[in-house]
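Numbers restart at 1 for each chain; the letters A, B, ... are given by sequence-line order, proteins then strands. Given the structure is predicted, the values throughout are model-derived calculations rather than measurements.
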Amino acid sequence: MSTRQLDKTYDPKSVESRWYQTWEAHGYFHADPGDPGQPYCIVIPPPNVTGSLHVGHALNHSLQDILIRWRRMQGRNTLWLPGTDHAGIATQNVVEKQLMAEGASKESLGRERFVERVWQWKAASGNTIINQQKQLGESCDWDRLRFTMDEGLSRAVVEVFVRLYEDGLIYRGERLINWCPRCLTALSDIEVEHEEIKGKLYSISYPLEEDPQTVLTVATTRPETMLGDTAVAVHPDDPRYNSLIGRLVRVPLTRRSIPIVGDPILVDREFGTGAVKITPAHDFNDFEAGERHNLPRLAIFDHQALLDPAGLKAAEVEDDIAAAVTGLPVVKARPKIEQALRDRGFLAKVEDHKMSIGKCYRCKTIVEPYLSPQWFVKIKPLAGPAIDAVEQGHIRIIPEGWINNYLGWMRDIKDWCISRQIWWGHQIPAWYCRSCNRRFIHEETTQGPAGTPITRVTLLQGATPIVARSTPAQCPSCAGSDFLRDPDVLDTWFSSGLWPFSTLGWPDRTPELETYYPTSTLVTGLDILFFWVARMIMLGLKFMDDVPFRDVYIHALVRDAEGQKMSKSKGNVIDPLHVMDQYGTDALRFTLASMASPGRDIKLAEERIEGYRNFANKIWNAARFSHLYLDGPRHQTALEERSFPDRWIISRLNRTIETVNAELESYRFDRAAGALYQFMWHEYCDWYLELIKPTLQDPSHPEAPAARQTLAETLEIIMRLLHPFMPFLTEEIWQTLPHEGDSVMVQSYPSADPAKHAPAMEQRFALLEQAVGLIRTARVLLNYTPGQPVDFAVTHDEMTRRRQLEELRPHLERLGRGRFETGSLSGPSADKRLRLVTEGLSVAIRVTGDVDLQKALGRIVKQQEEQEKEIVRLEGKLRNQEFTAKAPLEVIADHRQRLASLQGDQTMLASSEEQLRVMLGA
RNA sequence: GGGCGGAUAGCUCAGUUGGAAGAGCGCUGCCCUUACAAGGCAGAGGUCACAGGUUCGAUCCCUGUUCCGCCUACCA
């Protein structure tokens, strides 16, 4: 037992790093497949390797650590597998910015040296978030730290790619894809963020070839694309236009004529003019329409979304127009085209129009639909089993409300564009024989700004890839051996999609994989449900033939940046590092847990954290209190021989244990935290510690040894119960309490024991609480200071309760601060008394000295009025219930009893107003 | 356009089989009572968004309306 002195306030800083180091040094975080216990495994959603901990991480990680510590203490073979993600575009962008500041570029460095540079950046900053995670107390198995681009995971990526290719589920094809003209790469559909903006709807008139006086007017939000039109579509059933189908119209500002086609899919007769221009190279719908009608694709923008001279030439744009717009970005070309159309009388109308634009999720640049050869995963065959897994309950999604979201998206899923034209990431394992593919490979070398040669490789559609696990030795067609590797890398989510099994050693059959797959729970935010969770399910089912996890717990989002709720410009961003520093890690963790209620976003206020900091301090002081008294002898006493407060608090603690376990089982972190808070503060500290003070403070008290025992026991159990939520504080306190073992984090988690349930004690406590409450209220009414002793009498309508009150005498006297007078309470008396009554319980306080009568009367009268209203309401309700006889009997009985007790109170109070004046000498 | 969620005390939010409206913070009053003023005790404060409906009874179930938020979508 320790008798160390504890400071008056809890100082998190002095304990946190110390305990973390101790835990780590003892290997408590490490899990081994050979360990006993049913496996419990969580793989962490890998944060960006170069990132730093924000409040969203703090929430996500706190919840996982709570589950992990809880399960570990329950004796499960518990693994929390940590790691980081290479975050392709995001990381590349960061390093590119650094280079730009140095006056260099990735091109001037060349691919190899650039990638090397990113690795350096990763080495320098990659530990930042790991250290911050440790600061948060995360009990990850750091021995197993993985990175999506480390050797093992890269091997898994190649393996998956090759197998999918061999199964015909990966293909290369020229499609219209979302293209970021700043990052110069393709993006998948979900990497595009849509935003609604106010745009214009332009109506443009296309003259008929054979009859230029007649025009066909189409509507578009992007007039600049009209230069690349290759048809105009109308609805085949539209009587206004269907006779025109097959005729030609002239494309304004060009020397071309294009056909009018009938297309019921593309055209909505009701919208605009009922005629639509088709630009297959620059619009997704038009691309598909173009395929239906075998239309040529005229690309007039280049990869930077600039008007391309070659494209303009191919589109036969009139020379003066071409000269005016060549090299301009889309937004600058638009007004020029608009003006030209207007000048030449082709612009029929311009009106305001709401439209949505897509932005790159990394750099917020407006994406352009762009025609280019890319790699795709054929997704439907993978999505089917992933839908079944959730529908059949092999994977539980919590809260259930998101299931439909998931299913809806999965059923409507489109092929996944997985190639990215960047350098940082897993390079696609495909090679091209230079001799066979000569005409498809364009290698262009130019002089860079620093005079360094910059080589740009373009692989055209039509090139024949050889997909393999390593560089092929020989071309199977021509036996050539000069290969060009596909320069593209994979979507960053491709590798993270393998996370649950690649991190456990796949494709090898490791003991880890055998033991921990499928993992138990995935804790994640909604924002990556499609990016990540869906892909893990599809790929896990495909390659492991089993779900990657049993439960998916989706927590609320803490919004920041553009998310209205929290933004740097508003200055309301909460930095978890700052919070931990100021209030302590445990306070932050407890706050996040208590706010993690399902289905609502978290709006974190700093005051809330402060409140839980105070809670930590409260616990700290309860421990300090115990140390004042724990040094005396303690007796192991049978439960039924312990005192009323002991048995009561043991019963309540047992109930709290039951609640916390049940709530954690159903991922209700908020309720678990709430139960702990309520119990610890308002039952343990406010009542239990107060109740046992007299016993403890009297060294000769016969019950003292048993009380000391209960105090030590309960506090030790509470520290274990609280540990997953507040690991540092509980360890620090637990170490000072009588205990066995080296650390609280490897002790058993408390479990409820029905034998400790004591309803009689809880009922007795309720009576005590009510009586003390009345006494205290009466004291305040009479303006007595808290310390001033009073004489009071307490009684109850029921005999058994009267007897109990008598037994509670010492507690009543202590907590009521006064003397419990026995004897009659009712009837006229020479003494002046203030009497308060509720539910059969009656308290009278002797009035001495000067009191603020007006105040007392005012309050009582007000209370009385409210009671009268309540009585009227209840009477009416009860009459109705008795009349219709449709309400359950117990409800009627309840109401009757309540009414009776209210009426009793009321009578007492009504008669006492006059009485009071007399009694109080008014 | 479709789907989902929210609207409860000044603020942030609980309230799951429909049966007397809750917490934290903030506020008011009294207390430096030997664990804790980051505290104790006692309070004030709500026609549970609006309008209907079902029911003996609705914050809760149904319908509609208004206002927010999110996801999703090719309406040119």
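The number of heavy atoms from other shown groups lying within 6.0 Å of CD (A:Glu270) does not exceed 12.
A:Arg873 has its CZ atom 11 Å from the P atom of B:A58, to the nearest Å. Look at OH on A:Tyr784: it is 17 Å from P on B:G43, rounded to the nearest Å. We find that CG of A:Asp527 is positioned 15 Å from C1' of B:U72, with the value rounded to whole Å. Between A:Glu196 atom CD and B:G69 atom C1' the separation is 14 Å, expressed in whole Å. At whole-Å resolution of the value, CG in A:Asn783 and P in B:G29 are 13 Å apart. Across the protein-nucleic acid pair, A:Asp189 atom CG and B:U72 atom P stand 11 Å apart, rounded to whole Å. Taking atom CG on A:Asn405 and atom P on B:G2, their separation rounds to 17 Å, with Å as the unit. In this structure, A:Arg613 atom CZ and B:C25 atom P are separated by 11 Å, rounded to whole Å.
Both A:Arg668 and A:Trp687 sit near RNA chain B, but only A:Arg668 has its closest nucleotide nearer the 5' end. Residue A:Asn404 is the one, among A:Asn404 and A:Asp686, whose nearest nucleotide of RNA chain B lies closer to the 5' end (criterion: closest heavy atom).
The phosphate of B:G24 has OP1 or OP2 within less than 4.0 Å of a side-chain N or O from A:His682. Here A:Trp681 does not reach the OP1 or OP2 of B:A38: none of its side-chain N or O atoms lies under 4.0 Å away. One finds no side-chain N or O of A:Lys8 lying less than 4.0 angstrom from the OP1 or OP2 phosphate oxygen of B:A38. Contact check, A:Thr777 against B:G43: a side-chain N or O comes under 4.0 Å of OP1 or OP2. Side-chain N/O atoms of A:Ser597 include none lying less than 4.0 angstrom from OP1 or OP2 on B:C13. Dashed line: the shortest gap from a side-chain N or O of A:His353 to OP1 or OP2 of B:A76 is under 4.0 Å. An OP1 or OP2 oxygen of B:A35 is reached within less than 4.0 angstrom by a side-chain nitrogen or oxygen of A:Tyr629.
With B:C36, B:G24, B:G19 as the candidates, the nucleotide lying closest to the side chain of A:Asn621 is B:C36. Checking B:G19, B:G40, B:A35 against every side-chain atom of A:Ala887, the shortest atom distance belongs to B:G19. Here the side chain of A:Met355 is nearest to one of B:C56, B:A76, B:U12, namely B:A76. Checking B:C56, B:G39, B:C36 against every side-chain atom of A:Arg624, the shortest atom distance belongs to B:C36. Considering only the side chain of A:Tyr677, B:C25 comes nearest among B:C75, B:C25, B:A38. Among B:A76, B:G19, B:C31, the nucleotide with an atom closest to any side-chain atom of A:Ala219 is B:A76.
Note on ring orientation: taking the six-membered ring where Trp is involved, the planes of A:Tyr677 and A:Phe590 are tilted (angle from 30° to 60°).
Here A:Gln881 lies in heavy-atom contact (under 4.0 Å) with a base. Across all strands, A:Glu193 comes closer than 4.0 Å to no nucleic acid atom at all (heavy-atom distances). In this structure, A:Asn880 reaches the sugar-phosphate backbone alone: every heavy-atom distance under 4.0 Å involves primed, P, OP1 or OP2 atoms, never a base. Heavy atoms of A:Glu610 sit nowhere under 4.0 angstrom from any nucleic acid atom. In this structure, A:Lys693 reaches the bases: a heavy-atom distance under 4.0 Å links it to at least one base atom across the strands shown. Nucleic acid contact for A:Gly876: none, since no nucleic acid atom lies under 4.0 Å from a heavy atom of the residue. Within the 4.0 angstrom heavy-atom criterion, no nucleotide atom of any strand lies near A:Leu526. In this structure, A:Val267 reaches the bases: a heavy-atom distance under 4.0 Å links it to at least one base atom across the strands shown.
Side-chain atoms of A:Pro789 and A:Arg817, non-hydrogen and from C-beta on, never get closer than 4.5 Å to each other.
Residues satisfying the side-chain hydrogen bond (donor to acceptor under 3.5 Å, both in side chains) criterion with A:Glu291, sequence neighbours excluded, are A:Arg297.
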Please convert RNA chain B into dot-bracket. A pair counts if it is Watson-Crick or G-U wobble with both distances under 3.5 Å; crossing pairs go in [ ] and bases paired with another strand get |. (((((((..((((.....[..)))).(((((.......))))).....(((((..]....))))))))))))....
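Of the options A:Tyr612, A:Tyr583, A:Trp620, A:Phe728, a ring-ring contact (aromatic ring centres under 6.0 Å, His included) to A:Tyr10 is made by A:Trp620 and by none of the others.
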